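Working notes, structure below.
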Amino acid sequence: MAKKTILVVDDEKDLLDLIEYNLKKEGFDVLKAENGEEGIEIAKKHNPDLVLMDIMMPKMDGMEAVEKMRGDDKLKSIPIIFLTARSDEKTEVEGLNKGGDDYITKPISTTKLISRIKAVMRRFEDTEEEEINRLDVHDLSIDKDRYIVTRGEEEFQLPRKEFELLYYLASRKGKVRDRQTLLNKVWGDNIYVVDRTVDVHVRKIREKLGDHYIETVKGVGYRFKE
């Protein structure tokens, strides 16, 4: 499966390096920033799967950074965990009200930290599965009730699996999904099909709608372009 990327924002370089080392051991890709301002810039550029955010930092503290991220359409859905030495209840409540999804006080063992990270990620993956019935992405309208795709006055009736593959990718715009995940989500765990099945269906979708919607990520899988 495609690696998950975690952005760690903290002004303590030794702690940044320690967290990076342990997260990489667990198979995560890691991005680092030393203040909230830099963290926002990196998040906009790389769209991480989760952010670990300190509070007390120069230039822009974690509270302000999270508030700005929650007000940004591109960043507002990224899970954020506060990781801070501030252990008072008032600050914890404020952090959660600003938009934090969890609040962890330092010091914490790396084992427990990674466990909390994975728990938040699982929660968001479950939320991802709550589908809406109609998507409007770019110039396409994808109607799950009627299994029809429209673009202006054009109407496309795709075969069921092509439609479901398109819908799944479009509902996670900008997110890379590997072939095995696509097979499991669209075809199901208990049906035997090969990776090549995904490639064939993507090719057929491109033939009908054009090749500028679904992007191939070499060595990984596919994503619906942002």
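Keep in mind it's a predicted model, so treat the numbers as computed, not measured. The figures that follow rest on heavy atoms only: side chains count, while hydrogens, waters and symmetry mates do not.
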* To do: List the steps, then state whether salt bridge (charged side-chain N to carboxylate O under 4.0 Å, His left out) holds for Glu94 with Lys90.
  => CA-CA 6 Å; Glu94 182 184 358; Lys90 181 181 177 182; over 6 Å; no
* Asked: Is there a side-chain contact between Val51 and Ile81 (heavy atoms, below 4.5 Å)?
  -> no
* Between Phe82 and Tyr103, how do the two ring planes meet: parallel, tilted or perpendicular, split at 30° and 60°? -> tilted
* Structure fact -> Quick note, salt bridge (Lys or Arg N to Asp or Glu O under 4.0 Å) partners involving residues 215-226, not counting sequence neighbours, are Glu215-Arg223
* To do: Considering only NZ, NE, NH1 and NH2 on the basic side and carboxylate oxygens on the acidic side, decide whether Lys173 and Asp73 come within less than 4.0 Å.
  => no
* What pair of heavy atoms forms the shortest contact from Ala33 to Leu16, and how long is it? -> O-CD1, 3.9 Å
* Structure fact -> The reported gap from CG in Asp145 to CZ in Arg134 (rounded to nearest 0.5 angstrom) is 10.0 Å
* Heavy-atom closest pair, residues Ile142 and Val137 -> CD1-CG2, 4.0 Å
* **Asn22 CG to Leu113 CG distance, which is reported to the nearest 0.5 Å** => 8.5 Å
* Asked: How would you list, by chain and number, every residue that makes a ring pair (Phe, Tyr, Trp, His ring centres under 6.0 Å) with His46, sequence neighbours excluded?
  -> none
* Asked: Between Met53 and Met60, is there a shared hydrophobic cluster once you connect ILVMFWY residues whose side-chain heavy atoms come closer than 4.5 Å?
  -> yes
* Asked: Under the salt bridge (Lys or Arg N to Asp or Glu O under 4.0 Å) rule, what pairs show up with a residue in residues 35-47, not counting sequence neighbours?
  -> Lys44-Asp72
* Step by step, work out the salt bridge (charged side-chain N to carboxylate O under 4.0 Å, His left out) result for Lys106 and Asp54. => CA-CA 10 Å; Lys106 305 171 186 175; Asp54 188 22; 3.5 Å; yes
* To do: State, to 0.1 Å, how close His201 and Leu165 come at their nearest heavy-atom pair, and which atoms those are.
  => CB-CD2, 3.7 Å
* Asked: Any luck finding a side-chain donor-acceptor pair between Tyr222 and Asp199 under 3.5 Å?
  -> yes
For residues 62-69, which side-chain donor-acceptor pairs fall under 3.5 Å, sequence neighbours excluded?
| unit_1 | atom_1 | unit_2 | atom_2 | d |
| --- | --- | --- | --- | --- |
| Glu67 | OE1 | Lys98 | NZ | 3.3 |

* Structure fact -> Minimal heavy-atom distance between Val9 and Gly39, with the atoms involved, is CG2-CA, 4.1 Å
* Just wondering, more than 12 heavy atoms not from Glu207 lying within 6.0 Å of its CD? -> yes
* Measure the spacing between CZ of Phe28 and NZ of Lys4 and express it to the nearest 0.5 Å. => 9.0 Å
* ILVMFWY network linking Leu183 to Ile205, side-chain heavy atoms under 4.5 angstrom -> yes
* Given the rule that I, L, V, M, F, W and Y join up when any side-chain heavy atoms are under 4.5 Å apart, are Leu23 and Met121 in one cluster? -> yes
* From CA spacing to verdict: salt bridge (charged side-chain N to carboxylate O under 4.0 Å, His left out), Lys208, Glu162 -> CA-CA 10 Å; Lys208 292 162 185 169; Glu162 288 177 33; 2.7 Å; yes
* Are any side-chain N or O atoms of Asn97 and backbone N or O atoms of Val93, one a donor and one an acceptor, separated by less than 3.5 Å? -> yes
* Run the numbers on Asp29 and Ile6 for side-chain contact (heavy atoms from CB on, under 4.5 Å), then give the verdict. => CA-CA 6 Å; Asp29 283 333; Ile6 297 177; over 6 Å; no
* Joint hydrophobic cluster, Ile108 plus Val30, side-chain heavy atoms closer than 4.5 Å -> yes
* To do: Write down the atom of Glu34, the atom of Pro58, and the distance for their closest heavy-atom approach.
  => O-CD, 4.2 Å
* Stepwise side-chain contact (heavy atoms from CB on, under 4.5 Å) test for Ile80 and Leu50 -> CA-CA 6 Å; Ile80 300 173; Leu50 183 139; over 6 Å; no
* Asked: Asp102: what forms a side chain to side chain donor-acceptor pair (under 3.5 Å) with it, not counting sequence neighbours?
  -> Arg116
* Please check if atom NZ in Lys59 has more than 12 non-hydrogen atoms from other residues, nucleotides or ligands closer than 6.0 Å. => no
* **Approximate separation, where rounding is to 0.5 Å, of Arg177 CZ and Asn184 CG** => 12.0 Å
* **Parallel, tilted or perpendicular: rings of His138 and Tyr213 (30°, 60°)** => tilted
* **Approximate separation, where rounding is to 0.5 Å, of Leu158 CG and Leu209 CG** => 5.5 Å
* Asked: What residue among Val202, Val198, Thr197 forms side chain to side chain contact (heavy atoms under 4.5 Å, CB included) with Leu182?
  -> Val198
* Check: Arg86 side chain, Thr91 main-chain N or O, donor-acceptor pair, under 3.5 Å -> no
* Applying side-chain contact (heavy atoms from CB on, under 4.5 Å), run through Asp143 and Thr150 and close with a yes or a no. => CA-CA 8 Å; Asp143 189 335; Thr150 55; over 6 Å; no
* To do: Determine whether Tyr21 and Ile114 fall in the same hydrophobic cluster, where Ile, Leu, Val, Met, Phe, Trp and Tyr are linked whenever their side-chain heavy atoms lie under 4.5 Å apart.
  => no
* Asked: Can you list the steps and then say if Ile117 with Leu52 is a side-chain contact (heavy atoms from CB on, under 4.5 Å)?
  -> CA-CA 9 Å; Ile117 288 169; Leu52 278 180; 4.0 Å; yes
* Structure fact -> Quick note, ring-ring contact (aromatic ring centres under 6.0 Å, His included) partners involving residues 147-166, not counting sequence neighbours, are Tyr147-Phe163
* To do: For the residue pair Arg146 and Gln157, establish whether any side-chain heavy-atom pair is separated by less than 4.5 Å.
  => no
* To do: Drop me the distance from Thr5's OG1 to Ile78's CD1, to the nearest 0.5 angstrom.
  => 10.5 Å
